[in-house]
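Written out below as structure tokens is the structure these notes cover.
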There are 2 protein chains.
Amino acid sequence: MQESKPTKTTIKDIAQAAGVTPTTVSLALNNRPGVSKKTREKIFRLAETLNYEPNFTARSLRSKRSYTLGLFMKNIADPFYPQLAKSISETANDCGYNVILCNVGDDVDLKVKHLKILRGKGVDGIIFTTMLDDDPYVIQLIEESFPFVTAVRHIHINGMNDQIVSVTVDNFSGAYQAIQHLYRLGHDRIGIIAGDERTSTMVDRTAGAGQALLDCGIEPDGKMIAKCNYSRKLAMAATRDFLAMKYRPSAFFAEDDTMAIGVREAVLKAGLRIPEDIALVGFDDIDVAGITGIELTTINQQIIEIGRLSVNLLVDRIEKKSAPLVSKIVLQPELVIRKSCGFHLKGYRTDRVRVK
Amino acid sequence: MQESKPTKTTIKDIAQAAGVTPTTVSLALNNRPGVSKKTREKIFRLAETLNYEPNFTARSLRSKRSYTLGLFMKNIADPFYPQLAKSISETANDCGYNVILCNVGDDVDLKVKHLKILRGKGVDGIIFTTMLDDDPYVIQLIEESFPFVTAVRHIHINGMNDQIVSVTVDNFSGAYQAIQHLYRLGHDRIGIIAGDERTSTMVDRTAGAGQALLDCGIEPDGKMIAKCNYSRKLAMAATRDFLAMKYRPSAFFAEDDTMAIGVREAVLKAGLRIPEDIALVGFDDIDVAGITGIELTTINQQIIEIGRLSVNLLVDRIEKKSAPLVSKIVLQPELVIRKSCGFHLKGYRTDRVRVK
DNA sequence: GTGAAAGCGCTAACAG
DNA sequence: CTGTTAGCGCTTTCAC
């Protein structure tokens, strides 16, 4: 029925059929003023009939707008990221943008390489969830006022800080709550399973945890912190070491749920029980955390909201072409009490619950 | 140091600086014959100095090649898909392509909409992991010989079947193994938690399960199959119903691990134990399946390999511009025995282990 | 309201 | 080996 390989219809074809010029067709199809209602309707009818589909590549070349965003992810297979990816890609689609997924890990060279490609492809903006403190390309992006947002992690650059748009949770507060919760449950020796020290999340969470310890009257102790790079395996190994200590921790705070799962594995493999022997609190509230038998107490970081807001901010920035009005959004985290902390067994120690 | 907003250097600039024409520059930079070594080197040096970065949009417009692929996913937040997305995007990157992620669910209208946009953006090919039996756009894609691959799921269209490239696991065999395994453990009443009937995975797995039952001398029974659409919630509800039956199943086969988790939740909430009271086998071998306390017996479907092969096939198709030599790849699934089936407690019933 | 003409940056024929 | 010419499909002045 359909002739094979009918060359795609272009605005030229429509123009010809309508007896007008491509200019008019372009104006009409883009709903811009300067076209009479009659011709406009005719053009729309013809576009429909001829099965016209716009060529975005040509449009991009001319208008410098691709309606495509880049998304830098550390590792989409890590259970924390998929929800974020979903939220980001769906919000972007709703705004009329597509998303190119770049799974780049924390490898700086790879990030630089992808950045070049994405910019060569003319993406209108980029969402970074992979920002490291020493990422070298950020300053240039700012100087060129290329639109980007950092989500989850943020980055601080002296003198340019209000030009960096970021959406994060209050990581300091989240970690603070986690430690305070464990303290109130009666724990004084708390092992901290920390992330990658080049990330703002690790820095802020570790600081929040440290402050909470101080406020609870516990002297922070370097030996009680293990840097595990947000890796489940490293967290398992570190936990084994902790458990072999003479005065071992009675509780762990893992700076993300993936590491918390690692801690859990190591604890169970050592023949200890959670929470009876060891209490555990994570961070992120990934899906697995809620499954029966896992029931990880953790800090919810509203990941879907982070994704949504990041895209909205980025699109605003792109479309208004203005400097950002809002440059930082900080969401409030929430302690989600499940069973791994032991709260359901014994509640808070009465002498440790002060008014907030 | 850097002047602000230096308009991007183009091959024209390089041509001027080198005293040649854009053509020569284009040939040189694309490593194509017809340029003397000397000019070639000069051009490369200048490209470096002038910090040239190719404009892929312009190239696309001219050459009809975007080095971008589309990826259709049902739900990137479902734990089955992230590994696939990772494998696909990384393989694509290695081949010099980017991937646009389209999280489209099973909504046909949305799929059609995204397909139009992607084609408008000139993607060189598409990987569908969302194919449904009645997806309406497939025939047209084939007729236009637009490159695409279906991964995980396949689709059958009379008369065009060898033009559809697909990479799947042998779903029939996987389900067969699952049921046989449960039978050998002594189970005769096996509840089947089935997926979405419009998917080939559901059809094949259900058929494999049915055949296994027959071969084991068990009459398949419609009341023992619940269609749960690959949804954890529906699987929970169906399991509750199964458990309320007069002669309730002693085992469940869930056609994916997400539903198996749902079964698990429902069974545990009913106060029953896994595997002592109820045996459970899933399908996919997602990451969570291996966690202590979950330890789901399941069928591994080599998801990373599916992703890798899909991209390789697609890229071959695109770059050779030929009809596909290989049109179907079927991987072999593997039964992964953990604890949810109860094998570790009692092993196979000796009277039920026949030579394979 | 509409049209003519130019051009985004690159590649592809074809000539020399 | 290199240059000339044209044009991908669209948008965008600037005239009329």
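Just so it is clear: chains get the letters A, B, ... in the order the sequence lines come, proteins before strands, and each one is counted from 1.
- With a cutoff of under 4.0 Å to any heavy atom of chain A, the contacted region of DNA chain C is bounded 5' to 3' by dG1(C) to dG9(C).
- Smallest separation of non-hydrogen atoms from Ile43(B) and Ala18(B): CG1-CB, 4.4 Å.
- Helix-axis bend for the helix from dG1(C)-dC16(D) to dG16(C)-dC1(D): the local axis fitted to the five terminal pairs at one end deviates from that at the other end by 30°, rounded to 10°.
- Nearest-nucleotide positions on DNA chain D for Thr39(B) and Lys64(B) put Thr39(B) closer to the 5' end.
- We find the CD1-CD1 distance between Ile142(A) and Ile157(A) to be 4.5 Å, quoted to the nearest 0.5 Å.
- Between Met160(A) and Glu143(A) the shortest side-chain heavy-atom distance falls below 4.5 Å.
- Annotation: salt bridge (Lys or Arg N to Asp or Glu O under 4.0 Å) contacts involving residues 13-40 of chain A, sequence neighbours excluded, are absent.
- Applying the salt bridge (charged side-chain N to carboxylate O under 4.0 Å, His left out) criterion to Arg308(B), with sequence neighbours excluded, gives Glu305(B).
- DNA chain C lies under 4.0 Å from at least one heavy atom of each of the following residues of residues 16-38 of chain B: Thr23(B), Ser26(B), Asn30(B), Arg32(B).
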Can you give each donor-acceptor pair under 3.5 Å made by side-chain atoms of residues 130-137 of chain A, sequence neighbours left out, with the distance rounded to 0.1 Å?
residue   : atom : partner   : partner atom : Å
Asp135(A) : OD1  : Lys111(A) : NZ           : 3.3
Asp135(A) : OD2  : Lys111(A) : NZ           : 2.9
Asp135(A) : OD2  : Leu132(A) : N            : 3.2
Asp135(A) : OD2  : Tyr137(A) : OH           : 2.7

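- The 12-atom threshold is not exceeded at CD of Gln16(B), counting heavy atoms of other residues, nucleotides or ligands nearer than 6.0 Å.
- The side-chain contact (heavy atoms from CB on, under 4.5 Å) search around Asn93(B) returns His114(A), Asn98(B), not counting sequence neighbours.
- Scanning for salt bridge (charged side-chain N to carboxylate O under 4.0 Å, His left out) contacts around Arg198(A) gives Asp196(A), with sequence neighbours left out.
- Under the side-chain contact (heavy atoms from CB on, under 4.5 Å) criterion, Lys12(A) pairs with Thr10(A), Pro22(A), not counting sequence neighbours.
- Here salt bridge (Lys or Arg N to Asp or Glu O under 4.0 Å) pairs that include residues 116-128 of chain B, with residues two or more places apart or in two chains, are Arg65(B)-Asp124(B), Arg119(B)-Glu144(B).
- First and last contacts of DNA chain D with chain B, using any nucleotide atom under 4.0 Å from a protein heavy atom and ordered 5' to 3', fall at dC1(D) to dG9(D).
- Under the salt bridge (Lys or Arg N to Asp or Glu O under 4.0 Å) criterion, the residue pairs touching residues 96-108 of chain B are Lys74(B)-Asp106(B), Asp106(B)-Arg153(B), with sequence neighbours excluded.
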